[in-house]
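What follows is a set of notes on a single structure, which appears directly below.
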Amino acid sequence: MSVRVRFAPSNTGFLHMGNTRTALFNYLFARNQGGTFVLRIEDTDQARSEERFADAIVEALEWLGMSPDEGPYRQMDRADRYVETVAELLEKGAAYKCFCTPEELEAMREKAAAEGRKPKYDGTWRDRTDHPEGEPYVVRIKMPQEGSITVDDLVQGSVTVDVEELDDFIIQRSDGTPTYNFVVVVDDVDMEITHVIRGADHLNNTFRQVPVYEALGATTPAFAHLPLIDGLSKRKGSASVQDYRDAGFLPEAVMNYLSRLGWSHGDQEIFSPQELCDLFGFDSVGRSPSSFDEDKFRWVNTEWMKRLEPAELATRWVPFLKNAGFEVEVDETLVAIVELMRERAATLVELTEESRYFFTDEFEYDEKAVKKWIKEGGRPVVEELIQRLEKLDTWDADSVGGVYKSLGKDREVGMAKMAQPTRISLTGSTSSPSVFDLVATFSKDEALRRLRRGLADLF
RNA sequence: GUCCCGUUCGUCUAGUCAGGUCCAGGACACCGGCCUUUCACGCCGGCGACACGGGUUCGAAUCCCGUACGGGACGCCA
């Protein structure tokens, strides 16, 4: 039987990094096994579900290159199926109507808490047949009453819970809508899911769900409960995929970094999406929680900034430049700028900031730099530099470099005395790539224009 | 409170399933140096961990038990 997995987020918010990791592991397992990756939106929370979040989730997965093979399925579309299934279970005697009020249940929980017991429904209506007419009721599933339930989890190993810990939970609310622990099973059965891969916060739910599979006459799928990621609070990682995209992170880096939260392959740190698909397996997934480290994520991103083809990176960079007010297209010059600048930036946003001076000559001269490097006595050298550059026929880094070197030799001046004023004139500060590359990346006209302007402004 | 899970450098982790090759390896971050026309990159080096206590064993990061700490679950949320 071929592998079918599903990612089943609720559309009550954007796709944050924790959920993204879950989606990723589902995706990777599906790809590794030649299986099918299904997306199912759990939109039964009438109060909090929003359509825009469903759209955002699909969009985020698409950006990551992890679009589902099937779906998105919507639970709301399947309402009839749930009602029908509940009726069947009622008919079979696998479930029953419970007429307890929320208040009575609350009292039950309080009493249990006061006595130090686990709060659970006491089964009052499990065997009663004296159903009051016209009163609201919920439907509960009958849990086994003795023994234990064992789940052989692909990540957590064999985990056993005594059925004493479980109670007859509600599968249909008094308003007729089904609850999560029920629909998730019905859906997974109907969609023929073979492997349920989700966060470890669902491990306990699994023990409730197993009897539902049995009541439905279905076999249970394999389970893989992934350790949770700590500290996904506002600043760290609860930011959405779109937030990171807008901050200039690359999808390859998101996949790479997230994969390493819980999974590893020896000492290797950098994995392409394809490698991830090839190497992923639950044998290498740990059981302990990890925490999201923005610093390391940034480092992984810098690695991907360096690994992509320059032209490809340039293409992805364009929207950021546009956002900064620079309307440019991918051309030779832009690609050259990418090659020159990319290892100096961790994100596309930083790349934009670091590269501003290539797109505008409106910048302030850095005061300290000017003070240190612009001296009255240095003027003649810069003047001669400009003269010699003007005569240059071939405008590339080698030729430009030749001019600096020969001038330095002829006038017995160190490189810094020519390079630093050049940097300040062209970029406003002394922080830049090699001057030869810098000068050559500008057009000859623009480089000379800025040098002359600098001569006038600075000396 | 009850049940479930976890615990190797600050962080992600290798090693744990098949105990010795681990006075514990890699990566991020941090610190120092080198390279050098600045900054960055790169390179080299440093700092830094087997939660604690018992047990098994010739030998334990690795196996067993307990304790502590952390997380999760206990909803007519998903």
Side-chain angles (χ1 to χ4, degrees), chain A residues 8-12 42-45 47-49 75 98 100-102 105-106 109 112-120 136-140 151 153 155-157 159-162 164-167 169-181 183-184 199-208 225 227-228 230-231 257 260-270 283-284 286-300 302 306 341-345 354 369 372-373 401 404 408 414-420 422-424 427 429-436 438:
Chain A
S10 60
N11 58 331
T12 53
E42 315 231 310
D43 55 0
T44 52
D45 187 338
R48 298 185 299 152
S49 290
Q75 288 186 323
C98 165
C100 287
T101 64
L105 296 173
E106 184 53 31
R109 274 192 287 272
E115 292 170 9
R117 287 179 294 111
K118 189 171 180 113
K120 53 182 270 199
Y137 62 88
V138 298
V139 178
R140 290 179 181 273
V151 170
D153 194 276
V155 172
Q156 305 291 333
V159 186
T160 301
V161 159
D162 198 290
E164 276 297 307
E165 301 300 323
L166 278 11
D167 64 1
F169 69 90
I170 294 169
I171 60 173
Q172 186 178 84
R173 303 182 183 93
S174 51
D175 67 1
T177 60
T179 60
Y180 169 78
N181 274 317
V183 296
V184 73
D201 51 338
H202 288 284
L203 182 59
N204 288 288
N205 282 330
T206 309
F207 299 101
R208 287 164 220 291
H225 286 94
L228 268 20
D230 285 338
Y257 179 68
R260 293 284 290 102
L261 254 28
W263 176 83
S264 63
H265 181 70
D267 287 338
Q268 191 173 341
E269 298 285 353
I270 302 299
D283 284 351
S284 307
R287 274 178 290 262
S288 52
S290 51
S291 63
F292 192 91
D293 182 9
E294 192 98 18
D295 279 333
K296 185 142 187 184
F297 183 27
R298 285 172 55 79
W299 173 76
V300 172
T302 67
K306 287 185 256 186
M341 302 300 290
R342 61 172 167 176
E343 69 186 24
R344 322 169 70 80
E354 291 290 315
K372 180 166 184 190
W373 292 103
Y404 277 80
M415 186 58 75
K417 292 195 172 169
M418 297 175 287
Q420 298 301 59
T422 302
R423 286 199 173 87
I424 295 168
T427 74
S429 85
T430 55
S431 173
S432 93
S434 156
V435 269
F436 310 156
L438 179 72

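Please read these numbers as outputs of a predicted model, since none were measured by experiment. Residue numbers start from 1 in every chain, and the chains themselves are labelled A, B, ... in the order their sequence lines are given, proteins ahead of strands.
Only the C1' atoms considered, B/C31 is 14 Å distant from B/G10, to the nearest whole Å. Atom C1' of B/U56 sits at a distance of 35 Å from the matching atom of B/U11, rounded to the whole Å. Comparing the P positions of B/C3 and B/G46 gives an interatomic distance of 48 Å, to the nearest angstrom. Here, B/G6 and B/A51 have their C1' atoms 12 Å apart, quoted to the whole Å. Rounded to a whole angstrom, the distance from the C1' atom of B/A24 to that of B/G15 is 8 Å. Comparing the same atom, C1', in B/U62 and in B/C17 gives a spacing of 10 Å after rounding to whole Å. Between B/C12 and B/C77, the distance separating the two C1' atoms is 32 Å to the nearest Å. Here, B/G48 and B/G26 have their C1' atoms 14 Å apart, quoted to the whole Å.
An OP1 or OP2 oxygen of B/G75 is reached within less than 4.0 angstrom by no side-chain nitrogen or oxygen of A/K120. Considering only side-chain N and O atoms, A/S432 lies nowhere under 4.0 angstrom from the phosphate OP1 or OP2 of B/A40. One finds a side-chain N or O of A/S290 lying less than 4.0 angstrom from the OP1 or OP2 phosphate oxygen of B/U13. Contact between the side-chain N/O atoms of A/R208 and the OP1/OP2 oxygens of B/C74 is not found at any separation under 4.0 Å.
A salt bridge between A/K120 and A/E165 is absent, with no side-chain N of the basic residue lying under 4.0 Å from a carboxylate O of the acidic one.
Across the interface with RNA chain B, nearest-nucleotide mapping of A/Y137 and A/S288 shows A/S288 to be the residue nearer the 5′ end. Looking at which nucleotide of RNA chain B each of A/A419 and A/A8 is closest to, the 5′-most match is held by A/A419.
When all heavy atoms of A/R208 and A/D167 are compared, the closest pair comes out as NH1-OD1, 3.9 Å. What you find for A/P227 and A/R287 is that their closest heavy atoms are CB-O, 3.6 Å.
Within 4.0 Å of A/Y404, counting heavy atoms only, lies no atom of the nucleic acid at all. Using a 4.0 Å heavy-atom cutoff across all strands shown, A/E165 reaches sugar-phosphate atoms only and no base atom. Looking at heavy-atom distances under 4.0 Å, A/P433 makes contact with a base. At a threshold of 4.0 angstrom between heavy atoms, the contacts of A/C98 with the nucleic acid are absent. A/T12 comes within 4.0 angstrom of no nucleic acid atom, judged by non-hydrogen atoms across all strands. Using a 4.0 Å heavy-atom cutoff across all strands shown, A/G262 reaches sugar-phosphate atoms only and no base atom. Backbone-only engagement by A/R109 is indicated by non-hydrogen atom pairs under 4.0 Å involving sugar-phosphate atoms exclusively. Residue A/V159 is in sugar-phosphate contact alone, with no base atom involved, counting any heavy-atom pair closer than 4.0 Å across all strands shown.
Which of B/C77, B/U37, B/G6 sits closest to the side chain of A/P289 comes down to B/G6. Minimum atom distance to the side chain of A/P102 is reached by B/C76, of the listed B/C76, B/C5, B/U37. Listed nucleotides: B/G6, B/G72, B/C77. Nearest to the side chain of A/L228: B/G72. Listed nucleotides: B/C76, B/A14, B/A78. Nearest to the side chain of A/S264: B/A14. For A/K306, whose side chain is taken as the heavy atoms from C-beta onward, the closest listed nucleotide among B/G6, B/C41, B/C77 is B/C41. Of the candidates B/C74, B/C76, B/A78, B/C76 carries the atom nearest the A/I170 side chain, counting heavy atoms from C-beta on. Nearest to the side-chain atoms of A/D201 among the listed nucleotides B/A73, B/C77, B/G71 stands B/A73.
Note that CG of A/D293 and CG of A/L261 are 9.0 Å apart. Values are rounded to the nearest 0.5 Å. Rounded to the nearest 0.5 Å, atoms OG1 (A/T177) and CD (A/Q172) are 7.5 Å apart.
No donor-acceptor contact under 3.5 Å links the side chain of A/T179 to the base of B/C76. Evaluation of atom-type donor-acceptor distances gives no pair under 3.5 Å for the side chain of A/S291 against the base of B/U11.
Atoms CG (A/D162) and P (B/C5) sit 13 Å apart, rounded to a whole Å. As a whole-Å value, the separation of A/N205 CG from B/G75 P is 11 Å. Rounded to a whole Å, the CD atom of A/E354 is 11 Å from the P atom of B/C41. Summarising the geometry, the separation between CZ on A/R287 and P on B/C4 is reported as 16 Å, rounded to the nearest angstrom. Taking atom CG of residue A/L203 and atom P of nucleotide B/C74, one finds them 12 Å apart after rounding to whole Å. Atom-to-atom, CG of A/N204 to C1' of B/A78 comes out at 15 Å; the value is rounded to the nearest Å. Rounded to whole Å, the distance from NE2 on A/H225 to P on B/G6 is 14 Å. Between the CG atom of A/N11 and the C1' atom of B/C77 there is a distance of 13 Å, given to the nearest Å.
Taking a pair to require two hydrogen-bonding distances under 3.5 Å in either a Watson-Crick or a G-U wobble arrangement, B/U67 pairs with B/A51. In this structure B/C28 sits in a base pair with B/G10, meeting the Watson-Crick or G-U test at under 3.5 Å. With a cut-off of 3.5 Å on both pairing distances, the Watson-Crick or G-U wobble partner of B/U2 is B/A73.
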Report all interatomic pairs (protein N or O, nucleotide N or O of nucleotides 60-69 of chain B) with separations under 3.5 Å.
none

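Between the side chain of A/Y180 and the backbone N or O of A/T44, no donor-acceptor pair lies under 3.5 Å.
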Original post:
When every nucleotide of nucleotides 23-28 of chain B is labelled 5' to 3' by its protein contacts under 4.0 Å (heavy atoms), B for base, S for sugar-phosphate only, - for none, what sequence of letters results?
Top reply: --BBBS
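Legend: residues meeting side chain to side chain contact (heavy atoms under 4.5 Å, CB included) with A/E343, ordered by chain and number and at least two apart, are A/K306. For the salt bridge (charged side-chain N to carboxylate O under 4.0 Å, His left out) test, residues two or more places apart in sequence or in another chain that qualify with A/D43 are A/R74. Looking at residues two or more places apart in sequence or on another chain, you find a side chain to side chain contact (heavy atoms under 4.5 Å, CB included) between A/L438 and A/Y357, A/F358, A/R423, A/L426, A/T427, A/S432, A/P433, A/F442. For A/Y137, the side chain to side chain contact (heavy atoms under 4.5 Å, CB included) partners are A/K97, A/F99, A/V139, not counting sequence neighbours.
The aromatic rings of A/F292 and A/F297 sit perpendicular, their planes meeting at an angle over 60°, well past the 30° parallel limit.
Aromatic ring centres of A/F207 and A/H202 lie farther apart than the 6.0 Å criterion allows.
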**OP:** May I have the step-by-step check of side-chain contact (heavy atoms from CB on, under 4.5 Å) for A/I171 and A/N181, ending in yes or no?
**Re:** CA-CA 7 Å; A/I171 60 173; A/N181 274 317; over 6 Å; no
**OP:** Might you work through the side-chain hydrogen bond (donor to acceptor under 3.5 Å, both in side chains) test for A/S10 and A/T12, ending with a clear yes or no?
**Re:** CA-CA 6 Å; A/S10 60; A/T12 53; 3.1 Å; yes
